[in-house]
2 protein chains.
Amino acid sequence: MKPKKHTAEGGQHTAAKILDAAEGLLADAGYGGMSMGAVGERAGVPKALVFYHFKSKDQLFEQVLERYYGEHLGALRQSFEAAAGQPLGVRLHGVIDAYFDYISTHQRYPRIIQQQVASGGAADLIRRHFEPLFRWTVDALSTELPATGPLAPRQFFVSFSGLVINYFTYAPVLAGMWGGDPLAVEAVAERRAHVHWFVDRALDGLGPAEVRA
Amino acid sequence: MKPKKHTAEGGQHTAAKILDAAEGLLADAGYGGMSMGAVGERAGVPKALVFYHFKSKDQLFEQVLERYYGEHLGALRQSFEAAAGQPLGVRLHGVIDAYFDYISTHQRYPRIIQQQVASGGAADLIRRHFEPLFRWTVDALSTELPATGPLAPRQFFVSFSGLVINYFTYAPVLAGMWGGDPLAVEAVAERRAHVHWFVDRALDGLGPAEVRA
DNA sequence: GGGGCGTCTGACCGATTGGTCAAACCTTAT
DNA sequence: ATAAGGTTTGACCAATCGGTCAGACGCCCC
């Protein structure tokens, strides 16, 4: 019979369990509400083991963010490059779909980020991960749009990311007034269609000739 | 000479000072990061006095939210009713401007709300204040738009509030990459113009005949 | 079998937290 | 003067926090 106690079965597995537990607590209660003891309890290991695998609370948090940002940026990049050569409108739809899909399948992620952004905590860390995403998107649009003014690429970046992210962070609040679960598949599909509609209206407004086709 | 110590000069004034201090700390560090001792220190009063005026941390937080939501809803309502009789497009612009103005002059407010929404903390409290705003907006649009689908009023509510709010919550993160302070007056004006452009594109897409004029 | 060596554990620490209390204070009404 | 009642104060409490430590356990190479 295997020992009940946590034996040295490979640190990889344990560290991953701890990371998962930390993710859940971060999404539920935020950085301040995540206690290292609770992380251990949720992962089924003593608190000291959490500190063994991650030197401090900050470092644990940083690794959670690192994992998410890496996956997220990768998903966007892959989508954008897969549609290389196609007109900007098509590529935009693709990237926004990738954005939408990643968020909708990792709903803890926008919650953690929004909390952190809104509180100003770990600002440098967030900025370090956020900046490549921002610059990459703005560069992709910079050939088609004026660098400043109401139609600047940076404005569209903030707008479209907000259009996607806010729906998921507000979903729990909207639950009672939406007429059904906002996170159910049909509801998410409706939101996706709405975002698509918005993208099309924006493209129309930018002058179809230069931007589309 | 007046005594240096805090005399019984009227509880009103003291309570207001405490509320202000709590607001600042909430915006800076979030609910979890706001300690009652720090609130007292920032207000210049001992911690026990904070507990005398507000029975608990939760109640203090609740009153901060109450004040904001009341002002916010009032500003929107006033703007909407002032433009009674005018075409929907004009009224929409007015309400969104009022939304934008209130947020831009109370930048702590979106930060506090976003943190709380994203963390799921105080969900009932948020929902209680959020729901009238939501229902009221959706009702105003319900005569012009289908109740469900990609063009449902509820979708536009989430979209436009996100368009406005997200800019301000992300401003600190964007600071380094924006080319100037995103909260400077010109930058805020540019954002406002961008939101207006978006509203107009949306109105165009809904069929000018029924909705505008 | 006996070192290493990475993994794991419970007990422990100082600091901080939300919250309480009895007593002191100031103002006003009698 | 004095009684009363709202306000203010610092000292105090149990609980929890992030973090540490000495040692036990399991595995692998000699």
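So that the names make sense, note that chain A is the first sequence line, chain B the second, and so on, each numbered from 1. In what follows, every heavy atom counts, from backbone to side chain, and hydrogens, waters and symmetry copies are set aside.
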Worked check of ring pair (Phe, Tyr, Trp, His ring centres under 6.0 Å) between A/Trp178 and A/Tyr167 = CA-CA 12 Å; A/Trp178 200 255; A/Tyr167 179 76; 5.7 Å; yes
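Applying the 4.0 Å criterion to OP1 and OP2 of C/dC8, one finds that A/Thr14 has a side-chain N or O inside that range. Regarding contacts with the backbone of D/dT8, every side-chain N or O of B/Tyr52 stays at 4.0 angstrom or more from both OP1 and OP2. Residue A/His53 places at least one side-chain N or O under 4.0 Å from the OP1 or OP2 atom of C/dC8.
Side-chain atoms of A/Tyr102 and A/Glu71 include a donor-acceptor pair closer than 3.5 Å.
Rounded to whole angstrom, the span from the CD atom of A/Gln59 across to the P atom of D/dG18 amounts to 15 Å. Rounded to whole Å, atom P of C/dT7 lies 11 Å from atom CD1 of A/Ile18. A straight line from CG of A/Leu49 to C1' of D/dG18 spans 16 Å, rounded to a whole angstrom.
Between A/Tyr170 and B/Phe157, the distance separating the two ring centers is not shorter than 6.0 angstrom. Taking the six-membered ring wherever Trp is involved, the centroid distance between the rings of A/Phe168 and A/Phe100 falls below 6.0 Å. In this structure, the ring of A/His129 has its center no less than 6.0 angstrom from the ring center of A/Tyr68.
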Dump the pairs, protein N or O against N or O of nucleotides 15-21 of chain C, anything under 3.5 Å, distances to one decimal.
unit_1, atom_1, unit_2, atom_2, d
C/dG18, OP1, B/Met34, O, 3.2
C/dG18, OP1, B/Lys57, NZ, 3.0
C/dG18, OP2, B/Met36, N, 2.8
C/dG18, N7, B/Lys47, NZ, 3.4
C/dG18, O6, B/Lys47, NZ, 3.4
C/dG19, OP2, B/Lys57, N, 2.9
C/dG19, N7, B/Lys47, NZ, 3.4
C/dG19, O6, B/Lys47, NZ, 2.4

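Atom CD of A/Glu62 has more than 12 heavy atoms from other residues, nucleotides or ligands within 6.0 Å.
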